[in-house]
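First comes the structure, then the notes that go with it.
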Amino acid sequence: MEESRLDKYNKALSNFNANFDNISVEKDLKNIQNSFSANSQQKIYKKILNLIDLTSLNITDNDEKILALTEKINDFNNIFQDLENVAAICVYPKYTSLVKESLESENIKVACVSGNFPSSQTFLEIKIAETSLAIRDGAEEIDIVMNLGMFLNGDYEGLCDEIEEIKSVCKEKTLKVILETGSLESYSDIYKASILAMYSGADFIKTSTGKEKKGATPESVYIMCLAIKDYYKSCGRMVGIKPSGGIDTVNDAVIYYTIVESVLKEKWLNNRYFRIGASRLANQLLAAITGRETFYF
C-alpha cells in the first residue's frame, strides 16, 4: 500500500528531535545571555537597524500614511549618511503598488502580508489570489500565517499543502511563514511547526503577527533557531529567522541578535537570513546610535 501523505510528514518529523526539557532550555538561554553585554554597543545597534522590516499594518492605514512612511525611508540616507537603511517596508497587499512605485532605494525590499493575515482562516484559493496580486504589484517578499487550526489538529498534510501551494506562486520571491508561537502549546510544537514550515518551502520562519497578546520570546526564538540549525544540517538549505511582536526596546533586539549569533553563527547575521519585525524599535535604535531622542519614523 502506498505510504499516506500523513505518514510522509510524520516520517519527516521523526528525523528531528522535538523533545525539549524546560530546565535545559532556560539554562542554555542563561548561558547565551553571558554574551549579551558584549553586543550592547553602537556597532551592533547599527547592524540591527539594517535588519528591521519597517511595518505599517493598521486598520487606519491609507495612501497618505503609507506614502509618508515610504518617503521617510527614501530620505533616510540623506539625514543619516553613515547608517545603513532598514531592510524592508511591509504593508497590506493593497498598498504594494504604491510602495513599489514610490520607493527609490533598490536595497529596500517591498514586503506584504498575505493569505488572510492575521488569522489565515479563509479559502486557499483566496490566499493564492491575494499572493498572486501582491506579487503582480511588485511584492518581493510575502508574509503569511501558518494555519494554526490545522497544525493543532494534527492535519500536517493540509498545513503543508497550503504552504507549498503559496510558495509555488511566490517562486523565487521570499516567503516568510508566521508560526504565531504565542498560540502554540509547547517548545515541541514550536519546533515541529518550524520544521514543517521549512519542509514546505518557507524561506523564513517568523514568530508572530504582532496582533496577538503574546509575541516573540527568547525561548521561542531559541527553539526556532535550533530547528533552523537542524534543518540546515539535514538538507543544506539556509532558512531565515524573523522575531516579531512585542520587540519594543534596544535591549530586546540585542537579546534576539545574541540568540541568533550563538545558535546560527555569523552566516545568519545579515538581512538576507535575519530580520526583526519591530517598527517602534527603529527610533529607539536611532536614539541609541546618535545619542539623542528621535521620532524620525
Between Tyr256 and Ile241, does a side-chain contact (heavy atoms from CB on, under 4.5 Å) hold up when you go through it step by step?
-> CA-CA 10 Å; Tyr256 294 120; Ile241 177 80; over 6 Å; no

Given side-chain contact (heavy atoms from CB on, under 4.5 Å), test Ser262 with Thr258 step by step and report yes or no.
-> CA-CA 6 Å; Ser262 298; Thr258 305; 4.1 Å; yes

Please step through side-chain contact (heavy atoms from CB on, under 4.5 Å) for the pair Tyr92 and Cys112, ending with a clear verdict.
-> CA-CA 5 Å; Tyr92 281 115; Cys112 80; over 6 Å; no

Apply side-chain contact (heavy atoms from CB on, under 4.5 Å) to Asp203 and Lys167, showing your working.
-> CA-CA 9 Å; Asp203 300 297; Lys167 178 57 183 175; 2.7 Å; yes

Take Asp53 and Lys109, measure what salt bridge (charged side-chain N to carboxylate O under 4.0 Å, His left out) needs, and give me the verdict at the end.
-> CA-CA 9 Å; Asp53 282 0; Lys109 299 296 184 182; over 6 Å; no

Pair Phe204-Tyr273, ring pair (Phe, Tyr, Trp, His ring centres under 6.0 Å): steps then yes or no | CA-CA 7 Å; Phe204 268 78; Tyr273 295 109; 7.3 Å; no

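Counting only distance, with no hydrogens or angles, the side chain of Thr294 and the backbone of Tyr296 share a donor-acceptor pair below 3.5 Å. Using a distance-only test at 3.5 Å, with no hydrogens or angles considered, a donor-acceptor pair links the side chain of Asn62 to the main chain of Lys65. At distances below 3.5 Å, not a single donor-acceptor pair connects side-chain atoms of Asn77 with backbone N or O atoms of Glu84. Judged purely by atom type and a 3.5 angstrom limit, Gln41 uses its side chain to pair as donor or acceptor with the backbone of Ala38.
Ser279 and Leu54 make their closest contact through OG-C, 3.6 Å (heavy atoms, listed as atom of the first residue, atom of the second, distance). Taking all atoms of both residues into account, the shortest heavy-atom contact from Ser102 to Asn74 is O-ND2, 2.9 Å. Nearest heavy atom pair, residue Asp61 against residue Tyr95, reads O-OH, 2.9 Å. The shortest heavy-atom contact between Ile190 and Ser194 is O-OG, 2.8 Å. Scanning both residues, Cys90 and Leu57, for their nearest heavy atoms gives O-CD2, 4.3 Å. In this structure, Gly215 and Thr181 approach most closely via the heavy-atom pair O-OG1, 4.1 Å.
The side-chain heavy atoms of Asn58 and Ser56, taken from C-beta on, include a pair separated by under 4.5 Å. Counting heavy atoms from C-beta on, the side chains of Ile276 and Ser244 never come closer than 4.5 Å. Side-chain contact check for Tyr9 versus Lys11: every heavy-atom pair is 4.5 Å or farther apart. In this structure, Phe117 and Glu130 have side chains that are not in contact, with every pair of non-hydrogen atoms separated by 4.5 Å or more. The side-chain heavy atoms of Ile178 and Ile205, taken from C-beta on, include no pair separated by under 4.5 Å. Using a 4.5 Å heavy-atom cutoff, the side chains of Ile89 and Leu69 are in contact. The shortest distance between side-chain heavy atoms of Thr249 and Gln284 does not fall below 4.5 Å. Side chains of Leu29 and Glu26 form no contact here, defined as non-hydrogen atoms less than 4.5 Å apart.
A distance of 12.5 Å separates CD of Glu71 from CD1 of Ile66, quoted to the nearest 0.5 Å. Remark: Ser186 OG to Asn19 CG distance equals 9.5 Å, nearest 0.5 Å. In this structure, CD1 in Ile128 is found 4.0 Å from CG in Leu124, a value given to the nearest 0.5 Å. Rounded to the nearest 0.5 Å, atoms CG (Asn271) and CD1 (Ile48) are 13.0 Å apart. Taking CD1 from Ile289 and OH from Tyr45, the interatomic distance works out to 9.0 Å, rounded to the nearest 0.5 Å. One finds the NZ atom of Lys27 at 10.5 Å from the CG atom of Asp21 (value rounded to the nearest 0.5 Å).
There is a path of hydrophobic side-chain contacts, each under 4.5 Å, that joins Phe20 to Leu179. Transitive grouping of hydrophobic side chains (ILVMFWY, heavy atoms separated by less than 4.5 Å) brings Leu98 and Leu103 into a common cluster. Under a hydrophobic-cluster definition in which Ile, Leu, Val, Met, Phe, Trp and Tyr are linked whenever side-chain heavy atoms come within less than 4.5 Å, directly or via other members, Leu269 and Ile52 are assigned to the same cluster.
For the residue pair Asn39 and Glu261, a side-chain donor N or O sits within less than 3.5 Å of a side-chain acceptor on the partner. Side-chain atoms of Ser220 and Thr217 include a donor-acceptor pair closer than 3.5 Å. A donor and an acceptor atom, one from each side chain of Ser114 and Thr131, are located under 3.5 Å apart. In this model, no donor atom of one side chain and acceptor atom of the other lie less than 3.5 Å apart for Lys192 and Tyr156.
Atom NZ of Lys214 has 12 or fewer neighbouring heavy atoms from other residues, nucleotides or ligands inside a 6.0 Å radius. Within a 6.0 Å radius of NZ in Lys127, other residues, nucleotides and ligands contribute more than 12 heavy atoms. In Arg237, the CZ atom is crowded: over 12 heavy atoms of neighbouring residues, nucleotides or ligands sit closer than 6.0 Å. Heavy atoms from other residues, nucleotides or ligands lying under 6.0 Å from CD of Glu106 number 12 at most. By the 6.0 Å contact criterion, NZ on Lys211 is enclosed, its count of non-hydrogen atoms from other residues, nucleotides or ligands being greater than 12.
Clustering of Ile, Leu, Val, Met, Phe, Trp and Tyr side chains at separations under 4.5 Å places Phe123 together with Ile126.
A ring-centre distance under 6.0 Å is found for Trp268 and Tyr232. Here the two rings, on Tyr231 and Tyr199, have centers that are 6.0 Å apart or farther.
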Under 3.5 Å, side-chain donor or acceptor atoms of residues 135-153 against the rest of the protein: list the pairs with distances, not counting sequence neighbours.
from   : atom 1 : to     : atom 2 : distance (Å)
Glu140 : OE1    : Val110 : N      : 2.9
Glu141 : OE1    : Lys176 : NZ     : 2.7
Glu141 : OE1    : Arg275 : NH1    : 2.9
Glu141 : OE2    : Arg275 : NH1    : 3.4
Glu141 : OE2    : Arg275 : NH2    : 2.6
Asp143 : OD1    : Lys176 : NZ     : 3.0
Asp143 : OD2    : Lys206 : NZ     : 2.9
Asp143 : OD2    : Lys242 : NZ     : 3.2
Asn147 : OD1    : Gly149 : N      : 3.2
Asn147 : OD1    : Met150 : N      : 3.0

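Partner of Leu49 under the side-chain contact (heavy atoms from CB on, under 4.5 Å) criterion, chosen from Asn85, Leu286, Leu281: Leu286.
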